[in-house]
Each structure stands twice: as structure tokens, then as C-alpha cells.
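To start, the structure under review is shown below, and the notes come after it.
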Amino acid sequence: MGGVLPDPEPAADGNHFSCSMSAVLLARVHAFGGDQAVGKLLALAGSERSPEYLLDITNWISYDEAIALWRAGTDVTHHPDFARAVGADAAERLNASPVAALLRSLGSPENVYRQIATSASKFSVAAHLEATDAGPGFAEIVATAAPGFERSAHHCSWTRGLLSTTPVLFGLPRADVQHDQCAAHGASQCCYRITWDADQAKASADASGQVAALRQQLDAMRERLHSMFATASDLIAADHIDDVLARITDRAAVEVRAPRYLVAVRLTPDGEIHCHHKGFDDEEAMEYAKLVLERHPASHPDSWLVVPVGSNRHEYGRLLAMHHADQRFFPQERELLQVYARYAASALDGARALMEAQQRYDQSAALLDLARALARAGTSREVALRLVDAVPSVVDCDGVGVYLWDPSRGELVRQASHRSDGVEDLDELKSRAPAPGGPLERLLNNPAQEPIFVDADNGDPILRELAARLGAKATIIVPLATADALLGLLAVSVTERPERLKPSPDLLDRLSGVAAQATTALQNGALVDQITHQALHDQLTGLANRLQFTEELRVAINRARQRSQSLTLFYVDLDGFKPVNDEFGHEVGDQLLVAVGQRLLGSTRADDAVARLGGDEFAILIHNHTSPQEADAVIARLTRAFEAPFKIAGHELRLGASVGRAVFPIDADTADDLLRRADSAMFQHKRGRSAMRRALSA
């Protein structure tokens, strides 16, 4: 098996169209005439497929089947351009799919079109699509039939509909697609000219569009996070190796779209090959299984996506997603396949453990509980809380602490902890900066370390002292880290019977499983943290943005209404900011806005809310019940905040501020009305100041 097996010819293997197309087609026919229309469609198409098969987007059908379905759909629905309508339906029908999330991650419609050769292969391999030109608002695509295929008018029409949907993924109307040259009507190739509203696309990329996009990404991230941990739970629950392989193949097929999949593993180095596949026949599947097991994953063609299925304990085999010779995968798809390969390895670890000893059952059940707990977590802090709750069921211990590395603070910060004796951790452990040459600095420099055991006789002296002050008889510190970055630490301790934490292979295996799941959860949690922060904060100043501030204002009003309290809102507009931008440039202007935000924070209390609403407009919400005299004092502090010049890039810049005030419930009863009243009061203040300056200069 030293050679390379040939890639199957696209026209020969029958895997030409993803059933994401047939799923959309059946949905359109069902919407037209229900189950009866679907039955008629399949009869007219001569299809031997069940509706369930055609609705499963992980399946594929042949080119002839696709043509027959389009023809039959035209007859059943009497739609003159049925295939194009099916293509256009894809945006709405598949908007929440992993493929849609992958395409959105490319950043813009033009970027999707630029990579059309790769993205089109997620739907069909019967044609080669290439972008000859693409830019804001337009793209030019050329399509030629793959070897062994002829262009059909139905295929061209479906392609036209599908190409129109890309802007919809980014919240824009469908594109207009002109198809002036068609290979189905004698041209050498199909030429598509695609246009969409570039101005609207640019506008949607501004603040409100960014918020919507970030929310969409956040939702997609949460769905993917839950899907991944559901996979982990599903796999750990499987009690037979063939079930494990079948489930991982089916799950991977949803995330990474390709005509063929194969997972091949051995539980022991010389053991039997276990193989599960999709898109191969049994005989050729075993040939490919032997090949991928023998060769290094990086040695295969670009049309093969091969990742190792292995844990820190065992190397089991390979997971393969396979396209035809001229097709490629996105880099993100390799990362996703690696995630599922790690889950497969984790499940195989459990299967091997169950084969070795029945006592492994309790361990697997505990890890399952942890996976379920982590599946419900979103942010990094939620992951930490779930870990603290779940670890005692995995490891017999009296205390658990989760500490996450905060690069912005340069500190290790305690996010969650629990002790069965009810004693609080030391305050000095709430956060800790690395000391030169200390254990934390060593971990930062070499994050991929084994768990650290600490008791009265073992471990770094600093760690021994801290453990003793906490009353811990023994502690194991587990780095939560990728290969090159420390994410945090999991600290497990006992206050009695220290032999419970003796670092045996069994205990270290359990902690390794916890760390593997926690690390994956924290990586996804960090992305959720980032997207959440971006969605709710001004990217320049770091203050709350209008969306976050308005929501906080609504909550504060509801709370004040329930408690019969008042609420004060200040609207601040800078005086003299535009001349700074005009004279010194936007970079200096941006630095000035950041400095203004810091001064406003310094002029308010910790529980007050400060936001940048846009441009040079800011808002401040005074949470607690505030008297008119106290509100006057706040305005005085805000005014004094602008007395000293701002020193920016070697310039001394002076600004003023016009401040408007509105009080709930005196001036308004809702968040929007309160903002409007404060804005109006600010403009009155600004006009008064302008009139005074004119009078003084007269």
C-alpha cells in the first residue's frame, strides 16, 4: 500500500450533488402541494430514494438524479424556472447551516465569490466555477462542465439561483445574476455577471450592521459550541466502537461538506482495523483505510482532508473527508475535522478503557456529566463555573479552583472556586501576576506541561506555601493550555487523606480528559467572550455602545419603577471636537475620544454606566437614587473634567462639553424617550453656550 490510490472520477462515482440541494427542492415542492406533490415528484423523476435520504444534507446524489428532480419539479409546480428558484431558496433554507456559517466567516460577498471554486464544491462537483473578477458590488464567474458531464439548462439555471444568494448571508438583498453566455445553449462556457448594492453592503458594515453581524456570529458560535459538546456527549454515550465511528462520521459530514468520508482506527497498534465510511463501497473503503493508516496525514493530495484520530494516550487512526482531484477544502474545515477527530479519540479512549476494566464505567459516566455541563456553558466564566461544579464527580477532592489567564491584565484571575468545608480562598488568590522565575512564569513559557503535584514534600516552594496556608494536604494543578498558550489552571485539592490525590496513571488520565474538554470549551468560550464584547462595546473607547447602553437603561428603568425611585441620565456632546479632527487628523481625534472616555469614567462612580453613543456623543446613567443637588454635582464634575487640556500626540487640546439631563419618571417614562429628552436638553445647553460666547465677543 505504498502508492496513492487514485481519486475517483466525478462522473463515475455518483456523488455529484449534495442533498442540501434536494432538501431545498423537496421543501419547495412540499410547500406547493404537501406530501402528495412530493410523492408525484419522486414518481415523475423515477427516483428510488426515500424523502428521508433526500432531506439529509450529508447525503449526495448523482447528476442524472438531480436533472430528473429539477425536471419533475418543473412539471409538478408549473414553475417556468423551477431550478433557479430552488437555487435561490438555498439562502433561507440553509442560512443556519454550518456551510452558511463557514461562508459568512469569509467576511464579505466578494470574498465568497473570490473563493467560489472551493465554496461551490460544497454543493456540487459537476462543474468547475472560477471567479475571473470580483470587488465591492460585483463578481464575474465562469463555469465549465467537469470531465464526463454536459451542461444542462436546469443545472445552469440552478447555479444562477444559487449565485444570487451570497449577499443574503450578509443581511443584504439577493444579487442580480446575468447569464449572457450559456454552455447548455452552445457557448464554450457559462458566464455569470453578478451585481449587488455595494453602498448598502458598505452601510451594513457600519455600526448597526456590525452589531447585527456580530450577533449572528455569536448565535452561530453558540450553536456550534453546543453541537460540538452534544457530539462529545453522544460519543461518550456510545457503547460500541462501530457506533462511535458511525456517529463521528455522520457528525463530521454535517460540518465538513464532501462526497466521501472515512474513519479508520485500531484500538491497539496491531489490532483489527475498524472502518466506517460514507460514499465508498466496502471493498474500496478498506483499501483507503489501509492507505490513510500507513501514510502521514500531510502526504495526501490536497483534495483529501486527513487528520489523526489520537489522544495523549493513544494514536488510533485517521479521519478522512475526500473531494475529487480538482477540489479543495477551506482551512477552517481542517480545524473542524480535527475537533471531531479529537472527540472520536476521546470516545475511543473510553471504549478501550471499558474493554480493559469494568471500573472505567464510572470514569466515563463522570466525564459524560462534565461534557454535558460544559455543553451548557457559553462564556469563559460559565465554563469555569461548570468545571467547578462537575470536577468533584470526576475526581475525589475537597476543593476545586479554576484560574484563567487574562493577557490584558497580565494576571491569572480566579473565575470560580468551591470548597466542601465552606472556607473561602485567600484574597491574594483572586488574581496573581507571574513572579520572575516563579511557577506561573514557567507555565507561561512552557504551557504544555504535565499536571503539577504539590504536597508537604513535593512541588515548588511557593506552591507548597500557598497550599499549606489553604489547609490543603495535597494539590494537583492541571494546566489548561493549547500547544503554545496557557489558557488557565485547574487546581484540585484535598484537606484530608492526601492519598486520594496520589498522581496515579488512572487519576492523571481522568484529569487529562477533564483538561482536554475544558481546553476546547475555553477556546470556544474565549471566542464567545470576544464576540459578546464586540457586540456590546464601542470598538474605539471600550465603553458600552448604544445597543448595550439602551438595554442597560431599560433594565434600570424597570428596576427604578418597581422601587418607586428616580433615575438620572446625562447626554454629553463635545464642543470643539470637529476642528481637532480637521486640523490634526482622525488618528489624533480617535485618541482624543479615548481620553475623553477615560475622563468621563474618572468623573463617575463605579456603578454608574458610561457609553459612547456615536461620533462625539456620550451618555452617563446614574444608577442609584440621586437628588437634584447630587445631579448638579455630577454635572459640575463632568464640566471640570474638561478644564485641563488633553495632551495628545504632542499637542495640548482643549475641549468643552454640552451636557443635557433627563430624569425618570419626571421627564420621560421609557428608555427611548428619556434619551430623546436628555439629547434635547443637551442641544438647549449647547445653544445657550453658543449665544453666550457670541454675546461676549460682541
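Predicted model, so just to flag it, every value in this text is computed and none were measured.
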Could I get the full list of ring-ring contact (aromatic ring centres under 6.0 Å, His included) partners for His651, not counting sequence neighbours? Phe584
Drop me the distance from Phe664's CZ to Leu674's CG, to the nearest 0.5 angstrom. 8.5 Å
Using a strict threshold of under 4.0 Å (side-chain N to carboxylate O), is an ion pair present between Arg677 and Asp669? no
Among all residues two or more places apart in sequence or in another chain, which pass the ring-ring contact (aromatic ring centres under 6.0 Å, His included) test with Tyr113? Trp196
Any side-chain heavy atom of Leu567 within less than 4.5 Å of one from Arg561? no
Would you mind reporting whether Arg419 and Leu470 have side-chain heavy atoms less than 4.5 Å apart? yes
Would you mind reporting whether Leu103 and Thr166 have side-chain heavy atoms less than 4.5 Å apart? no
Heavy-atom side-chain contact between Leu569 and Phe549 under 4.5 Å: yes
Inter-residue atom distance Leu385.CG - Ser417.OG, 0.5 Å rounding: 9.5 Å
Just by modelled atom types, is the Leu675 backbone N or O under 3.5 Å from a matching donor or acceptor in the Asp679 side chain? no
Arg554 and Asp672 ion-paired at < 4.0 Å: yes
Roughly how far, to the nearest 0.5 Å, is the OG1 atom of Thr195 from the CG atom of Asp176? 4.5 Å
Which value, rounded to the nearest 0.5 Å, describes the distance between Phe646 atom CZ and Leu655 atom CG? 5.5 Å
Gln539 CD to Arg612 CZ distance, which is reported to the nearest 0.5 Å: 10.5 Å
Please report the closest heavy-atom contact between Val478 and Ala515, naming both atoms and the distance. CG1-CB, 3.8 Å
So which heavy atom on Pro479 is nearest to which on Leu489, and how close? CA-CD2, 3.8 Å
Do you know which two heavy atoms are closest between Ile622 and Arg605, and how far apart they sit? CG2-NH2, 2.6 Å
With a 4.5 Å limit on heavy-atom distance, are the side chains of Val634 and Val659 in contact? no
Glu441 atom CD: more than 12 heavy-atom contacts under 6.0 Å: yes
To the nearest 0.5 Å, how far apart are CD in Gln565 and CD1 in Ile557? 13.0 Å
Asp575 and Ser658: side chain donor to acceptor below 3.5 Å: yes
Is it the case that the side chain of Ser164 and the backbone of Gly161 share a donor-acceptor pair, with hydrogens and angles ignored and the cut-off at 3.5 Å? yes
Take Val596 and Thr541 through the side-chain contact (heavy atoms from CB on, under 4.5 Å) test and state the conclusion after the steps. CA-CA 9 Å; Val596 167; Thr541 64; over 6 Å; no
Give a yes or no answer on whether the side chain of Ser680 reaches the backbone of Arg676 with a donor-acceptor pair at less than 3.5 Å. no
Could you tell me whether the side chain of Gln548 reaches within less than 4.5 Å of the side chain of Asn545, counting heavy atoms only? yes
Let's go through Asn581 and Leu592 carefully: what are the C-alpha distance in whole Å and the side-chain angles of both, what is the deciding distance for side-chain contact (heavy atoms from CB on, under 4.5 Å) to 0.1 Å, and is it a yes or a no? CA-CA 9 Å; Asn581 258 351; Leu592 182 55; over 6 Å; no
Would a 4.5 Å heavy-atom cut-off, applied to side chains only, mark Arg28 and Phe32 as touching? no
Audit row: Arg661, Asp632, salt bridge (Lys or Arg N to Asp or Glu O under 4.0 Å) steps and yes/no: CA-CA 10 Å; Arg661 179 198 316 177; Asp632 290 338; 2.5 Å; yes
Are the side chains of Leu486 and Leu440 in contact, using a 4.5 Å heavy-atom criterion? yes
Is a side-chain donor or acceptor of Ser108 paired with a backbone partner of Asn111 at a separation under 3.5 angstrom? yes
Test Phe330 against Leu106 for side-chain contact (heavy atoms from CB on, under 4.5 Å), laying out the working first. CA-CA 10 Å; Phe330 288 109; Leu106 299 179; 4.0 Å; yes
Arg386/Asp389 ion pair, N-O < 4.0 Å: no
For the residue pair Ser603 and Leu638, what are the closest heavy atoms and their distance? CB-CD2, 4.0 Å
Could you check Trp405 against Leu443 for side-chain contact (heavy atoms from CB on, under 4.5 Å), going step by step and ending with a plain yes or no? CA-CA 11 Å; Trp405 176 250; Leu443 276 170; over 6 Å; no
Indicate the atoms forming the closest heavy-atom contact of Thr604 with Leu601, along with that distance. OG1-O, 3.1 Å
Give the minimum heavy-atom separation between Glu652 and Pro645, together with the two atoms involved. OE1-CG, 4.0 Å
